[in-house]
2 protein chains.
Amino acid sequence: MTQDDVYRTVGYQLKRVQAALRAAMDAALRAHGLTTPQYACLEMLGQRPELSNAELARGAFVTRQSMNVVLRNLEEAGLVSRPATAPSGRALPTRLTEAGERVLEAARADVLAVERRMTAGLDRAQAEVLLRQLDAMAEALAGSDG
Amino acid sequence: MTQDDVYRTVGYQLKRVQAALRAAMDAALRAHGLTTPQYACLEMLGQRPELSNAELARGAFVTRQSMNVVLRNLEEAGLVSRPATAPSGRALPTRLTEAGERVLEAARADVLAVERRMTAGLDRAQAEVLLRQLDAMAEALAGSDG
DNA sequence: TGCGTCATGTCAGAATTCTGACATATGCTC
DNA sequence: GAGCATATGTCAGAATTCTGACATGACGCA
């Protein structure tokens, strides 16, 4: 039965593409001494400084605990910095250091090249439609669990 | 800058949808006592019996070692069975037990419901185009690392 | 036959991520 | 002010997945 072939479902192909993307990104980031989660973290901070650990975790779709490990490694590497005490509440606003900005800028070029390679078969209009469809799919699933 | 917003890249939205899909599947499968990797394994065996551990691993985009853990748990739960000795080479052809087939059939209904919910906004033609695009994206990335 | 290559299953250990729990800080309601 | 819900950071421990390594069996080729 070709119709119900699991390998031809959107869910399976989604996982396949994501696995390939993760592998390609890891390969591209290795030269910069970064992992994919670390890069995701830097990228979010680059676009929106002062993000807290919990906000970063939500943006990267991992738990606070997992993001905390990533953040500590980045802090130890001198790429991000957090104040010792929270200015309000318990949230610690994180910022890129100068070294972090440099590494991010260099890594971003290679990551964008991966993204372009992945979407090379799509023109601008198709990419727009795809983005909207993916957004709709995420929203449709978010209704029941988060 | 909205144009280069990381949150509006195909890569990010891909990860977002996949995270939502994984959460939805885990939630749906919990009632059947299965995890998503376990279900993926059963589904592949349901469509193609006699698959080896290494083949299942490639199909699920994990290492042989990871799949081996999944397989052992499924074996312990009595849902799959493997011969004690390899009929040829070292590969151990895995099969669903009767209990495995029953669990798979029950779980599949709920998983398909999740897939339908995710793609509810797409008509048949759009879904076909999406599948082809995802396939092309995976192929484009596979060139360098897989 | 003998050798080199490849694929497979498996062991050992580390890295990553998760669940569960707890203390702290804010804001809302009474 | 007192009480409660919510959000955050963090600790502890388990589960999952990975990298590295090794032995075994099949296959191609000299």
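Keep in mind that the numbers below use all heavy atoms, side chains included, and drop hydrogens, waters and symmetry copies. Note that the coordinates shown come from a computational prediction; the quantities given were computed from them, not determined experimentally. Quick note on labels: first sequence line is chain A, next is B, and so on, each numbered from 1.
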note: B/Met67, atom CE; C/dG9, atom P; distance rounded to Å ~ 11 Å
inquiry  = Less than 4.0 angstrom from a charged side-chain N to a carboxylate O is my criterion; do A/Arg16 and B/Glu139 meet it?
reply    = yes
Check: Does a salt bridge link A/Arg82 with A/Glu50, judged by any charged N lying under 4.0 Å from a carboxylate O?
Finding: no
To the nearest angstrom, the CG-P distance between A/Leu71 and D/dG9 comes to 9 Å
Less than 4.0 angstrom from a charged side-chain N to a carboxylate O is my criterion; do A/Arg8 and B/Asp135 meet it? no
_Any A/Asn68 side-chain nitrogen or oxygen under 4.0 Å from OP1 or OP2 of D/dT10_ = yes
From CG of A/Asn53 across to P of D/dC11 the rounded distance in Å is 12 Å
When A/Pro93 and B/Val62 are each assigned the nearest nucleotide of DNA chain D, the 5'-most assignment goes to A/Pro93
When B/Gln65 and B/Asn73 are each assigned the nearest nucleotide of DNA chain D, the 5'-most assignment goes to B/Asn73
With a non-hydrogen cut-off below 4.0 angstrom, is B/Thr35 in contact with a base, only sugar-phosphate, or nothing?
-> nothing
To the nearest angstrom, the CZ-P distance between A/Arg90 and D/dG9 comes to 8 Å
Separation of D/dT8 atom C1' from A/Leu51 atom CG, nearest Å, is 14 Å
Atom CD of B/Gln18 and atom P of C/dT17 are separated, to the nearest Å, by 14 Å
Ranking C/dT8, D/dT8, D/dT17 by distance to the side chain of B/Arg58, first place goes to C/dT8
Review point. Counting only side-chain N and O atoms of A/Ser66, is one of them less than 4.0 Å from OP1 or OP2 of C/dT16?
Key: no
* Asked: If you measure from the Lys or Arg side-chain nitrogens to the Asp or Glu carboxylate oxygens, is any gap between B/Arg30 and B/Asp26 under 4.0 Å?
  -> no
note: B/Leu56, atom CG; C/dT10, atom P; distance rounded to Å ~ 13 Å
Open item on the list: Check whether B/Glu115 reaches the backbone of A/Val10 with its side chain - one donor and one acceptor, N or O, closer than 3.5 Å.
Closed with: yes
Just to confirm, is there a sub-4.0 Å distance from OP1 or OP2 of C/dT17 to any side-chain nitrogen or oxygen of A/Thr63? no
Per nearest nucleotide of DNA chain C, the residue lying toward the 5' end, A/Pro87 or A/Val69, is A/Val69
Rounded to whole Å, the OH-P distance (B/Tyr39 to D/dT16) equals 19 Å
For D/dC11, does either OP1 or OP2 sit under 4.0 Å from a side-chain N or O belonging to A/Arg64?
no
(Q) On the nucleotide D/dT10, are OP1 or OP2 found under 4.0 Å from the side-chain N or O atoms that A/Arg82 carries? (A) yes
**OP:** Using only side-chain N and O atoms of A/Arg72, determine if any of them is under 4.0 Å from OP1 or OP2 of D/dC11.
**Re:** yes
